[in-house]
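These notes concern the structure reproduced below.
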Amino acid sequence: MTATALLNALAAGCTIFLFSCSFFVISRLGRRFDFAVGSYGTLAAYVTLSVIEVGVGLGFLIAAVLVAMITTSLQRLLYAQLPSRAAALVASVGVGTVIMHTLALIYGPDRVSILSSVQVGSTLLTDGQIVAVSGATAVVVISLIIRIAGYGLWFRATAESPELAAAYGADVGRVSAASIAAAGVLAAAGGLAQAMDLGITPTGNARVTLFGVAAAAAGGVNLYGVLAAALLIGAVQNVATLWLPVLWADSAALLSCIAVFILGTNRERWRDSRTVGI
Amino acid sequence: MEYLVHLLTLGAVLWLLIASLDLVTHDLGLLSLCHGMFFGIGAYSSAVLSGASARSGFLILLFAVGSGIVASTLVSLFHLRLRDDLLVLGTFVWQTVWFDAINNIAGLGGSIGLAGVPRMTLFERPLTNVAFLALCVTVAFSVTLLLRRARVGRARLLLAAVRNDEVLLSSYGARPTYVRSIVFIAAAAAASVAGSLYASHVMYIEPRTFGLDQSIALLAATMIGRATSIGPALGVVVWIALPELLRAWGATSFVTATWRQIVFGASLVFLARFMRTDLAVGRTR
């Protein structure tokens, strides 16, 4: 029972982390808060579901490309034209609302789930375990990219000071566009992971967005802080079921979210900087 | 005729709700995503108290105001020192926690909600629909007038200073966070009044009416009103007329509610282009 709860906690934490990473990247490179990350994930899950005949893998690839195109297009055509960060935030709330309710109109309000399992040797990996493995793999890959690869250096330089990065030869526009596209793919992965784990509804992702945003805000100094916060929220959400009724598990996670959020939002740091982690 | 009275009553309640959020969004320059929570707190506190005491008088309205003040004081203690995006996150957290609570607490009806909320009474007699409409219009008008007092004379200057230059205001010895909290609490109290009237009018409340979608729609309705300089009236008209039009074409309640959210979401995207840095849209002062 405890091992299952821990595995579920890891899976939930990794899913939240994927959304957090998406939010984190957009807030650093786009210099804005994007409340629509949850809806990008939902869109990806529903697109995958629509083309499930071609297989989950290929379906996800199609969905990820579509979401990446949408996030980069929105950045270029909408967010880059807005007068302030506050305007970008309001617009992102609007974008998320439109995407989620359009999906509700097309697919209906009911929960859908992409059920699958994989036989590895003599072990059958369940949906939750697949989510955990894919999430953890994504964590390692992202960390390596950010820490070691040359792109990570350009990413950090562009996030810290676009002007200085450009002076040192970085193609700031391309780095930003690629990063925003990557953020879309991360959100898409989060959406798919969620659909494979507990299922997904068109309008039910506001909560996951909240978890992801809280983790990104609390651990915002670096990616490992974000990971720790996401795992903490996932752990509380699932381990709490050992002592509390299932319905209250999310509430416990939300309260942990608040604690993490209040502890993590060092007021002076936020006041001085205007962007997550800078 | 009865249906028209129903729509007009809803309009008066919405007017009150949008006018109260307008004070926070436009005059304080704050973006709050938990106004639906204060609306819900007013509705649920009235419903619970009127159910417990088996009567629904004006004391219940006062109780709703008190509940709204307590809740908004808590929010302002934790989050009103934050700015910009972080304040939005903070209010987003409160809204989600609230929605979770009313969905899970059995005493509040859980996800099914509370039915049989009694109609407000006057001298022990339940108000008729027309009398209740008159009450709602009177309350909405009075509260709007009260809120408008914040927009004249010294109060107007103080609000403008809080919105535009807190540092300068602090250097004159004023406390911006204090001013912001007072106005925020006043707006929340007005939203709770709206919630109490709403519960007494429809006699059935459920969590979805007070969720995040509602807060987002309220924000959009407020911004639509401001952008056109018409004020809450246009937000109210769009809110009520759009579902009615769709219903006339045979759409189900799910479809009408979904389309309303799409229209409000799209209007947020559109209006963001015209926002100034302080969240106000349109008119400059």
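So you know, we letter chains A, B, ... as the sequences are listed, proteins then strands, and number each from 1. Worth knowing before you read on, the calculation uses all heavy atoms, side chains too, and leaves out hydrogens, waters and symmetry mates.
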Go through the atoms of F254(B) and report whether side chain, backbone, both or neither lie under 4.5 Å from a heavy atom of chain A.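 Only the side chain of F254(B) comes within 4.5 Å of chain A.
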Determine whether more than 12 heavy atoms belonging to other residues, nucleotides or ligands lie under 6.0 Å from atom [atom1] of [X].
{"X": "I112(B)", "atom1": "CD1", "value": "no"}
{"X": "F270(B)", "atom1": "CZ", "value": "no"}
{"X": "Y204(B)", "atom1": "OH", "value": "yes"}
{"X": "R208(B)", "atom1": "CZ", "value": "no"}

Taking all non-hydrogen atoms of both residues into account, name the closest pair between P83(A) and A272(B) and its distance.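 Minimum heavy-atom contact is CD-O, 3.7 Å.
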Considering all heavy atoms, the nearest T258(B)-A104(A) contact: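 What the structure gives for the nearest pair is CG2-CB, 4.3 Å.
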Would you say the side chain of W259(B) lies within less than 4.5 Å of the side chain of L105(A), judging by non-hydrogen atoms?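 Yes, side chains in contact.
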Under a 4.5 Å cut-off applied to non-hydrogen side-chain atoms, are M223(B) and V90(A) in contact?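 When only atoms from C-beta onward are counted, V90(A) and M223(B) do touch, with a gap below 4.5 Å.
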How far does CG of L103(A) sit from CD1 of I262(B), to the nearest 0.5 angstrom?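 Output value for this atom pair is 9.0 Å.
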Using 0.5 Å steps for rounding, measure from the CE atom of M100(A) to the CG atom of D213(B).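 The CG atom of D213(B) is 6.5 Å from CE of M100(A), to the nearest 0.5 Å.
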Chain B heavy atoms under 4.5 Å from P109(A): which part of the residue, side chain, backbone, both or neither?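 Both backbone and side chain of P109(A) come within 4.5 Å of chain B.
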Among L82(A), L78(A), L74(A), V93(A), exactly one meets side chain to side chain contact (heavy atoms under 4.5 Å, CB included) together with V269(B). Which residue is that?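 Result for side chain to side chain contact (heavy atoms under 4.5 Å, CB included) with V269(B): L78(A).
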Mind ranking L212(B), I216(B), L219(B) by heavy-atom pairs under 4.5 Å with chain A and telling me who comes out on top?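 Heavy-atom pairs under 4.5 Å are most numerous for I216(B).
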